[in-house]
Amino acid sequence: MSVADVVARARTAARPLCTGTVTGAMGLTISVEGVTAAVGDVVEIAGATGLGQPLRAEVVALHRDRLTCMPLGEVAGVHVGSRVRATGRPLQVPVGTALLGRVLDGLGRPVDGGPPLAGRARFVDLATQTPHALSRARVAQPLSFGVRALDTLVPAGRGQRLGIFAGSGVGKSTLLAQITRGTDADVRVIGLIGERGREVREFLEENLGAEGMANTVVVVATSDEPPLVRLRAAFVATRIAEDFRDQGRDVLLLMDSITRTAMAQREVGLSAGEPPATRGYPPSVFAMMPRLLEKAGTGTVGSITGLYTVLVEGDDHNEPIADTARSILDGHVVLTRQMATAGHFPAIDVLESISRVASAVTAPHRMADAREARRLLGALRDARELIEIGAYTEGSDPLVDRARLLEPQLTGFLRQSVEDTTSPDAAWDELHRIVTGS
Ligand SMILES: Nc1ncnc2c1ncn2[C@@H]1O[C@H](COP(=O)(O)OP(=O)(O)O)[C@@H](O)[C@H]1O
Ligand SMILES: [Mg+2]
């Protein structure tokens, strides 16, 4: 150890310990007097959780004589006079290859019963600078998901941000797990935000399995966690992905769901005194979404491809969260309940789905095959009603006739069982054979 290190350590050890007290708690906020801290810093409140562990809270507002903090855990047990210690820094998050194969809670602590991360992982500040748009590489390389319908008709690029728009129970989680196993990304980071505990168990044990956990980091904040933990979990998953990207890796970040993350921000905003502005959502929700989603994308090295699920209930297309997400993302995949109930999985409505980088990441001859497939599927959709009521006469539209002939093959191509991973080359070859009739 160098002299400078010794001096630095001595300085840290000799720093006066600054403690204050809790003076009140209401709703989701705790007021603290007697400590100085910056907005975003973490403070520790002693004796709250009853487990001997201090309760951590984040400073969200400053006043002349006190701080307003929001708990990162259960507040039960906090009382007026509880001792508070300033840690002097914001939330620290573990990053690096030691995280691969691990399941973490919303604050980055392991919850899988595996070894502790202290000493194995690096710890960094949660907050980062988002790379400036002009310093970012363009999206130009394809990223495959191993799912035929996506890799050919909604092709993704490394560094793209895609939304998966769907109602509940139409196969979002199953598709995310299938993509996790089938993608050619170097590293996958999964954020499970606001799901029920049972769903998370099912996802990890049944959908993902041991194969899906390789080169994968999972960050989980279930619906019963405090809203600030659910909100931070989305940023923690993103921070872990950012570190892998900055090491030059191509990362796939899967977030389920951005809607529940927005709902957590709503709870946090309202309890901090913000007014509900747009359909019950305070302005901070619409500030948070681009801040979170812009962190994915290309860097100067490496990339984060972001895949965010968006809940759409009924046919509410003016729902403000879905609307905002659509405006930020560079593509969307639509899953429909009709297809799911008809047993067509993955229930992707390819005609309603679009990737804005498709032509940048796909060779022209393949784009031509994809366009032809869309033309055939579109003709089938438009003629469907006539066909069903028996009003379509064969020969009246050559395109519809050809589409009807090829329909079984097209459907077989678009349907794919969860265990099946198809390489993009094989998928393109098959699509070419179908649309050219060879
Ligand atoms: N690829 C698939 N193959 C067969 N069944 C599926 C598939 N995807 C979803 N399902 C069925 O739909 C149900 C809900 O899927 P899930 O992925 O949990 O939906 P969501 O996450 O959208 O709520 C599953 O329990 C399963 O019965
Ligand atoms: Mg689900």
Side-chain angles (χ1 to χ4, degrees), residues 100 131 136-165 172 174-191 208 211-212 214-218 237-238 240-256 258 293-310 325 328-335 346 348 350 353-364 366-367 369-370 414 416 418 420-431:
L100 295 174
R136 296 182 133 181
R138 302 227 354 227
V139 176
Q141 296 298 322
L143 182 89
S144 81
F145 292 149
V147 176
R148 291 187 293 267
L150 295 178
D151 287 344
T152 56
L153 297 176
V154 201
R158 296 178 184 228
Q160 183 181 16
R161 285 153 303 198
L162 276 162
I164 298 183
F165 291 74
K172 290 183 301 301
T174 312
L175 181 60
L176 288 187
Q178 188 172 7
I179 290 172
T180 305
R181 288 190 303 265
T183 181
D184 62 356
D186 302 333
V187 171
R188 307 70 133 129
V189 180
I190 305 178
L208 210 53
E211 186 198 347
N215 290 322
T216 301
V217 185
V218 182
T238 305
I240 291 168
E242 286 177 286
D243 186 74
F244 282 117
R245 172 188 62 197
D246 296 342
Q247 310 296 324
R249 308 272 208 122
D250 288 311
V251 186
L252 178 61
L253 172 66
L254 308 106
M255 193 84 75
D256 190 13
I258 194 72
L293 300 179
E294 286 292 339
K295 287 180 183 293
T298 53
T300 41
V301 292
S303 65
I304 301 174
T305 308
L307 208 48
Y308 302 88
T309 66
V310 184
I328 304 168
L329 299 165
D330 354 276
H332 55 264
V333 174
V334 176
L335 306 187
I348 303 167
V350 291
S353 305
I354 184 165
S355 163
R356 289 190 202 149
V357 305
S359 60
V361 299
T362 313
R366 288 179 163 176
M367 277 302 278
D369 288 343
L414 296 174
Q416 189 172 339
V418 277
D420 178 9
T421 293
T422 304
S423 78
D425 283 340
W428 281 113
D429 287 350
E430 190 179 339
L431 188 68

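Values in this document were obtained by computation on a predicted structure and should not be read as measured data. Heavy-atom basis, side chains included; hydrogens, waters and symmetry copies ignored.
Contact of the D256 side chain with the L254 side chain is not registered, since no non-hydrogen atoms from C-beta on lie closer than 4.5 Å. Considering only heavy atoms from C-beta on, R188 stays 4.5 Å or farther from V217 through its side chain. A heavy-atom distance below 4.5 Å is found between the side chains of V147 and Q178. By the 4.5 Å heavy-atom criterion applied to side chains, L150 and L162 are not counted as neighbours. Contact check for L175 versus F145: no side-chain heavy atoms found under the 4.5 Å cut-off. T180 is listed as a side-chain neighbour of T216, based on a closest heavy-atom distance under 4.5 Å. Side-chain contact between V251 and V189 is present, with heavy atoms from C-beta onward closer than 4.5 Å. Residues R245 and P131 meet the side-chain proximity criterion, which asks for heavy atoms closer than 4.5 Å.
Screening residues 137-161 for salt bridge (Lys or Arg N to Asp or Glu O under 4.0 Å), with sequence neighbours left out, gives R148-D420, R158-D184, R158-D250, R161-E294, R161-D330.
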Discussion item. With side chain to side chain contact (heavy atoms under 4.5 Å, CB included) as the criterion, how do L293 and I258 come out once you've worked through the C-alpha distance, each side chain's angles and the decisive distance to 0.1 Å?
Written reply: CA-CA 9 Å; L293 300 179; I258 194 72; 3.8 Å; yes
Practice prompt. Evaluate the criterion side chain to side chain contact (heavy atoms under 4.5 Å, CB included) for residue pair L176 and T309; output intermediate values, then yes/no.
Written response: CA-CA 9 Å; L176 288 187; T309 66; 3.9 Å; yes
Item to complete: Could you please spell out the steps behind the side chain to side chain contact (heavy atoms under 4.5 Å, CB included) verdict for D186 and N215?
Response: CA-CA 7 Å; D186 302 333; N215 290 322; over 6 Å; no
Fill in: Stepwise side chain to side chain contact (heavy atoms under 4.5 Å, CB included) check, H332 with I354
CA-CA 6 Å; H332 55 264; I354 184 165; 3.5 Å; yes
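The two residues G157 and V357 have their closest heavy-atom pair at N-CG2, 3.6 Å. Closest of all the heavy-atom pairs between G191 and A237 is CA-CB, 4.1 Å. Residues V139 and A360 share a closest heavy-atom pair of O-CB, 3.9 Å.
Here the side chain of S355 pairs no donor or acceptor atom with the backbone of G331 at under 3.5 angstrom. In this structure a side-chain-to-backbone donor-acceptor pair under 3.5 Å is missing from S144 to T183. In terms of modelled atom types and a separation under 3.5 Å, the side chain of Q416 and the main chain of G146 share a donor-acceptor contact. Under the 3.5 Å distance criterion, the side-chain polar atoms of R181 are matched with a main-chain donor or acceptor of V418.
To the nearest 0.5 Å, the span separating OG1 on T422 from CD on E430 amounts to 7.0 Å. Atom OG1 of residue T300 and atom CZ of residue R136 lie 10.0 Å apart, to the nearest 0.5 angstrom. Taking CD1 of I179 as the reference point, atom OG1 of T421 lies at 10.5 Å (rounded to 0.5 Å).
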